[in-house]
Peer 1: 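One structure follows; several queries about it will come next.
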There are 4 protein chains.
Amino acid sequence: MPRYFAAIVIVSALSASSSVLSATPQDTVRFEPTVAQPTFAVREPVLRVRPGTVLVSRTMFGPYYTEAGGAFPGEVGPIYVEGATTNDMLVVKILRIRPNHPIAASQIYADFGGLATDSKVRLLNDPIPPRRYIWRLDRERMTGRTELPDSRVKSIEIELKPMLGRVAVAPRGQEAFAGLWPGDFGGNMDAQEVREGTTVYLPIFHDGAYFYFGDGHARQGEGEVAGTGLETSMDVILQLDLIRGKRIDWPRLEDADYIMVAGSGRPLIDAFRLAHVELIEWLGEYGFGKWDAYALLSQVAESSVANIVDPAYTVVAKFPKRYLPR
Amino acid sequence: MPRYFAAIVIVSALSASSSVLSATPQDTVRFEPTVAQPTFAVREPVLRVRPGTVLVSRTMFGPYYTEAGGAFPGEVGPIYVEGATTNDMLVVKILRIRPNHPIAASQIYADFGGLATDSKVRLLNDPIPPRRYIWRLDRERMTGRTELPDSRVKSIEIELKPMLGRVAVAPRGQEAFAGLWPGDFGGNMDAQEVREGTTVYLPIFHDGAYFYFGDGHARQGEGEVAGTGLETSMDVILQLDLIRGKRIDWPRLEDADYIMVAGSGRPLIDAFRLAHVELIEWLGEYGFGKWDAYALLSQVAESSVANIVDPAYTVVAKFPKRYLPR
Amino acid sequence: MPRYFAAIVIVSALSASSSVLSATPQDTVRFEPTVAQPTFAVREPVLRVRPGTVLVSRTMFGPYYTEAGGAFPGEVGPIYVEGATTNDMLVVKILRIRPNHPIAASQIYADFGGLATDSKVRLLNDPIPPRRYIWRLDRERMTGRTELPDSRVKSIEIELKPMLGRVAVAPRGQEAFAGLWPGDFGGNMDAQEVREGTTVYLPIFHDGAYFYFGDGHARQGEGEVAGTGLETSMDVILQLDLIRGKRIDWPRLEDADYIMVAGSGRPLIDAFRLAHVELIEWLGEYGFGKWDAYALLSQVAESSVANIVDPAYTVVAKFPKRYLPR
Amino acid sequence: MPRYFAAIVIVSALSASSSVLSATPQDTVRFEPTVAQPTFAVREPVLRVRPGTVLVSRTMFGPYYTEAGGAFPGEVGPIYVEGATTNDMLVVKILRIRPNHPIAASQIYADFGGLATDSKVRLLNDPIPPRRYIWRLDRERMTGRTELPDSRVKSIEIELKPMLGRVAVAPRGQEAFAGLWPGDFGGNMDAQEVREGTTVYLPIFHDGAYFYFGDGHARQGEGEVAGTGLETSMDVILQLDLIRGKRIDWPRLEDADYIMVAGSGRPLIDAFRLAHVELIEWLGEYGFGKWDAYALLSQVAESSVANIVDPAYTVVAKFPKRYLPR
């Protein structure tokens with residue numbers, strides 16, 4: 001994992017928090033975010049970068065991540081990628097995601113969550129009680145520990161697997177979606193696969209792409225069933241690039257082992273189908289016939305249910321790269 | 001994997017196909033099935049075994065598995081487990097599942113499948129064209145190869161990962177479900193996790209349990225999206241046992257790494273929630289408080305969508321055993 | 001088999017139903033049911049009738065309908081229709097459905113219902129409290145009154161609109177579905193439209209059809225949201241007939257104003273789509289092109305959500321007869 | 001119906017299309033819209049009115065409604081209601097909705113529609129063919145006629161039942177939803193019940209409410225299954241008022257016969273449940289206990305599936321006013 005970091009040699013002195021900053025010649029930019037955004041939308045960029053830029057930055061910090069708790073701070077962005085057009089595909093290489101804060105918080109909500117009634121899944125049952133868990137992070141050993149107030153075992157320690165809940169471009173048209181939304185623009189997909197070593201490909205709906213990121217999870221289970229991961233602040237290193245003349249409809253991901261499509265929608269089956277149908281279309285680019293690809297997915301597809309809590313659910317459909325033609 | 005087989009040394013000479021057969025003293029029974037069943041239901045048992053019996057048998061063979069194709073042969077069973085009551089839990093240890101036939105077949109159907117319209121998901125679009133793929137199995141190397149008529153690459157070889165699509169008890173009451181159905185009785189869950197090394201725990205709705213098995217897949221992707229795996233005939237070795245005085249509502253699975261619950265239902269989100277809520281109840285047996293378990297699942301749960309094609313969909317919710325208290 | 005027939009006295013000259021009844025004297029059979037069936041399935045018929053027979057009968061009575069409450073009594077049937085084949089369509093004209101008991105019961109369940117968690121819709125919330133309501137029926141005025149223990153107004157009176165929750169044939173193959181299930185065989189559709197003046201057309205999966213009926217509701221809301229209507233015992237007069245050489249896939253209904261299809265499935269959208277796609281196919285029989293029919297439904301379709309509580313949900317799609325070509 | 005119009009005698013000379021316009025003393029304002037909005041969002045109001053104002057206006061016109069076809073023109077609004085706060089409820093009395101154009105258009109789309117695959121319901125089937133139907137409106141007789149190119153009967157005439165697909169306030173926070181979206185802010189509910197004689201109550205998320213309307217349908221079936229109604233331009237008369245100190249979560253409707261809640265969401269069952277649970281809460285305001293109301297809905301609820309095509313589906317749950325306490 002840390003291999004990528006070696007590639008980032010020089011981080012130039014930066015005029016840090018200023019709102020617009022061109023990439024330095026070596027294409028490495030350190031950006032200290034100062035403004036948190038409540039929606040994914042076209043708005044005045046906080047930064048402008050050239051394609052290929054390595055971005056050394058961090059997610060927004062706020063009371064949400066403290067012991068006391070508080071409001072979610074919002075996203076970093078939008079970052080305008082110079083020369084990006086709606087005919088291109090945005091490439092986001094995730095070089096590094098690491099917690100930079102000694103605690104993480106997770107929660108259970110009375111009105112948000114996947115295994116209980118919430119504001120979108122209304123039933124007549126009484127709501128469940130809210131809870132908040134503070135996790136002490138050991139960033140050397142990459143573990144987190146929390147107390148379990150109601151359990152026979154009084155605390156538990158788990159390994160950290162840092163990821164970003166949200167990477168996005170501005171959505172199509174004049175729409176503005178709150179940070180909780182995932183969609184064809186990426187957004188709050190809450191996919192574990194958005195981690196170090198993964199490249200995320202995003203469609204571009206507006207010239208400049210208007211890239212956003214945020215929502216660090218030191219660890220998160222599949223489905224993010226209670227509505228949060230180990231929410232904490234993250235140092236991130238991302239490389240932003242373009243593939244020109246390439247249009248996609250939904251976010252694609254790639255790591256050492258898989259090509260993947262992240263489909264978001266409700267109901268869950270629609271997200272599942274969308275991700276897999278788009279994956280079959282991607283396999284077509286590798287020379288697989290549509291029906292052959294369908295038949296093959298029935299034998300080798302893997303998938304993860306990324307979230308079942310957000311306004312749209314997200315499913316990641318995966319095809320093992322070892323079965324791709326050379 | 002083959003480790004288990006070593007444990008089964010002596011298989012006594014058996015009067016094979018007769019309809020009722022007591023367990024031999026060493027509790028190993030070889031059973032050659034001759035009758036294929038079209039439903040999971042209470043009916044005259046084909047075999048009676050004592051708890052603890054190791055069953056050396058095979059799935060039913062039929063034209064379905066041949067190059068020409070034909071009807072699905074149905075299930076083996078019911079096997080009556082002596083002394084099993086509705087207060088007990090049936091334990092099915094999967095010691096061995098291996099293809100015993102040189103080919104496997106997979107299909108695409110016009111009226112059955114997860115990524116296209118079918119008889120339950122009716123839309124106005126024209127149906128997709130049916131297809132049949134024959135896979136040549138190399139049972140030494142444990143690989144299968146098929147031709148891809150519409151693709152640039154003309155054939156593909158994949159590793160085999162044998163599993164049983166169906167393990168079941170007779171469902172509650174007087175219901176009789178066709179072999180395509182999964183449910184709380186197990187049935188056609190089409191879960192990859194039903195493989196060598198896994199133990200399946202099933203509820204018992206009728207004294208004697210009335211155990212069924214069948215539907216060997218030499219390999220199957222998550223979701224079984226086109227409606228079939230590599231369908232072929234299997235040699236199986238199963239140990240059937242009871243845990244007395246233990247009642248469960250839905251099938252549980254356990255392997256070296258996970259405790260798991262297989263929930264089946266439609267829509268997909270209901271299967272997903274059911275599996276996870278039942279898993280939280282199981283975690284309660286390990287001393288986790290309900291809300292602690294919910295909060296913890298949000299960080300460490302894994303899951304697989306076993307099938308999205310059967311009359312009920314199946315989701316397997318998983319909790320890593322390394323986080324269970326010792 | 002014909003031994004049951006002895007129990008059937010011939011009832012001529014029916015004062016019977018006000019509405020419309022054209023049966024000839026010799027085609028009228030009074031049947032007093034004595035056996036309640038727990039499943040829809042092929043089994044020994046309780047009655048054999050000729051096509052065209054007017055059946056004067058009643059639903060099964062049991063403690064379920066009493067003040068004290070108790071188990072549901074099950075269905076009346078199967079009734080074997082002489083000469084019915086799988087190439088024919090069963091015609092069930094509903095001539096009369098009237099409560100024959102002074103009370104009806106409705107319930108709220110902790111584990112069954114559409115607006116709360118239940119055994120199929122599992123969430124972590126606490127279950128809701130069970131409740132039972134006794135309704136006093138005024139069969140002259142056709143009204144029912146119950147007490148509302150938790151409300152400012154202490155009782156409420158509503159008009160009765162009697163219907164049958166269940167009309168069915170034996171399902172295909174060797175399947176046996178408990179009485180709660182609706183499906184392509186009809187069954188527990190819980191559709192208000194199954195009332196006096198409606199004709200129900202059912203597919204036939206076995207020679208003889210094996211017709212069942214039961215589950216009288218003196219009144220029921222759309223969706224049957226809490227899981228019951230005003231459950232009570234009913235006198236019924238049904239005419240059973242055949243249309244030969246006509247095969248259908250799903251139950252059709254017809255009354256003075258609409259042709260209708262009842263689609264059952266989960267999720268709800270699948271039931272909705274299935275009912276409407278089948279209705280478009282029916283419109284094809286009237287000479288509407290498929291796309292014209294689709295476009296037209298978008299302007300004139302009506303529908304009712306019959307139930308959202310049963311193992312499959314039911315939606316009735318309706319096309320106004322005044323827009324059918326003469 | 002036309003009774004309402006008589007009440008609006010004097011429409012003062014208005015500076016019509018100007019962007020901000022105070023209500024005249026008699027509280028009747030004629031507003032000629034000139035700007036069409038692509039999203040429901042907080043933006044500069046096109047009009048400011050006092051509570052109680054009767055608004056005489058029309059929906060936006062554009063090529064969408066012509067024989068040739070073209071882009072949808074967008075919504076009228078936002079209209080700022082003076083004094084409206086987030087503690088109040090917006091009251092929209094629909095006094096008149098009448099087509100003002102001689103034709104209406106309806107369509108079938110390859111990528112949008114409820115009974116076929118579309119951009120959100122992706123499957124592998126080939127898409128359906130797009131179609132466009134022109135309906136000639138007879139505004140005297142209130143009928144529309146179109147040709148049916150594929151049918152035995154060559155044209156069809158249906159009665160008009162004018163309605164507005166969209167009435168909305170600006171959604172919460174900084175979100176901006178394209179005009180296709182319904183939600184708790186109202187929006188594109190496509191509910192037939194939004195017609196003359198109905199009062200719509202909307203929550204207010206921003207001071208001033210920011211009211212929008214548009215999307216006239218001369219007729220529309222339940223579900224709007226193919227994605228359009230008889231789309232045409234409408235004259236509308238709406239009275240905008242406030243109920244102060246009253247907060248609601250979801251749109252409520254009321255006409256002579258019913259109190260109603262319009263719930264929007266996906267999957268369909270979630271919209272259905274949400275509408276009914278909110279209706280039970282409303283019934284609480286009339287003195288019905290929660291469980292009594294649930295039990296009662298199971299007997300007397302009616303509902304309509306308003307749309308199954310928009311980004312969220314809409315269900316209208318209805319309670320007959322004759323069962324409300326006096």
Side-chain angles (χ1 to χ4, degrees), chain B residues 37-43 74 111 117-126 170-181 183-184 249-250 261 263-281 284 289-295 297-298 311-313 315 317, chain C residues 37-43 74 111 117-126 170-181 183-184 249-250 261 263-281 284 289-295 297-298 311-313 315 317:
Chain B
Q37 307 293 6
T39 56
F40 304 115
V42 173
R43 59 165 59 85
D111 60 357
T117 55
D118 73 2
S119 63
K120 291 181 181 289
V121 180
R122 299 290 314 277
L123 292 174
L124 293 172
N125 304 68
D126 285 339
R172 69 182 74 230
Q174 297 186 33
E175 289 197 300
F177 290 101
L180 274 181
W181 280 88
D184 56 2
D249 289 326
W250 282 87
V261 175
S264 297
R266 281 195 181 198
L268 184 55
I269 190 73
D270 282 0
F272 188 98
R273 286 173 178 151
L274 195 158
H276 285 80
V277 169
E278 291 279 336
L279 183 57
I280 286 172
E281 297 197 347
K290 180 177 175 179
W291 307 121
D292 288 350
Y294 183 31
L297 273 198
S298 200
Y313 302 149
V315 171
Chain C
Q37 307 293 3
T39 56
F40 303 114
V42 173
R43 58 166 59 84
D111 59 356
T117 56
D118 75 1
S119 63
K120 290 180 183 290
V121 180
R122 299 291 313 278
L123 292 174
L124 294 172
N125 304 68
D126 285 339
R172 67 183 75 229
Q174 298 186 32
E175 290 197 300
F177 290 100
L180 274 180
W181 281 89
D184 55 3
D249 289 325
W250 282 86
V261 176
S264 297
R266 282 197 182 197
L268 184 55
I269 189 71
D270 282 0
F272 187 97
R273 286 174 179 151
L274 195 159
H276 285 79
V277 169
E278 291 279 336
L279 183 57
I280 286 172
E281 297 197 346
K290 180 176 174 181
W291 307 121
D292 289 348
Y294 184 30
L297 273 198
S298 201
Y313 302 149
V315 171

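Chain A is the first sequence line, chain B the second, and so forth, proteins listed ahead of strands; every chain is numbered from 1.
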Peer 1: Quick check on the interface: out of Ala41(B), Pro171(B), Pro267(B), who has the most heavy-atom pairs with chain C under 4.5 Å?
Peer 2: Pro267(B)
Peer 1: Sequence neighbours excluded, which residues qualify as side chain to side chain donor-acceptor pair (under 3.5 Å) partners of Asp270(B)?
Peer 2: none
Peer 1: Return the CZ to CD distance between Phe177(B) and Gln174(C), rounded to the nearest 0.5 Å.
Peer 2: 15.0 Å
Peer 1: So, taking the atom named CG in Leu180(C) and the one named CD in Glu175(B), what distance separates them when rounded to the nearest 0.5 Å?
Peer 2: 8.5 Å
Peer 1: Can you tell which part of Lys120(B) gets under 4.5 Å to a heavy atom of chain C, answering side chain, backbone, both or neither?
Peer 2: backbone
Peer 1: For the residue pair Leu123(B) and Arg273(C), establish whether any side-chain heavy-atom pair is separated by less than 4.5 Å.
Peer 2: yes
Peer 1: I'd like to know which of His276(B), Lys290(B), Arg172(B) tops the heavy-atom pair count under 4.5 Å against chain C.
Peer 2: Lys290(B)
Peer 1: Tell me the closest heavy-atom pair linking Leu124(B) and Tyr294(C), and the distance in Å.
Peer 2: CD1-CG, 3.3 Å
Peer 1: Is Ile280(C) in contact with chain B via its backbone, its side chain, both, or neither, using a 4.5 Å heavy-atom distance?
Peer 2: side chain
Peer 1: Taking atom CG of Leu268(C) and atom CZ of Arg266(B), what is their separation to the nearest 0.5 Å?
Peer 2: 13.5 Å
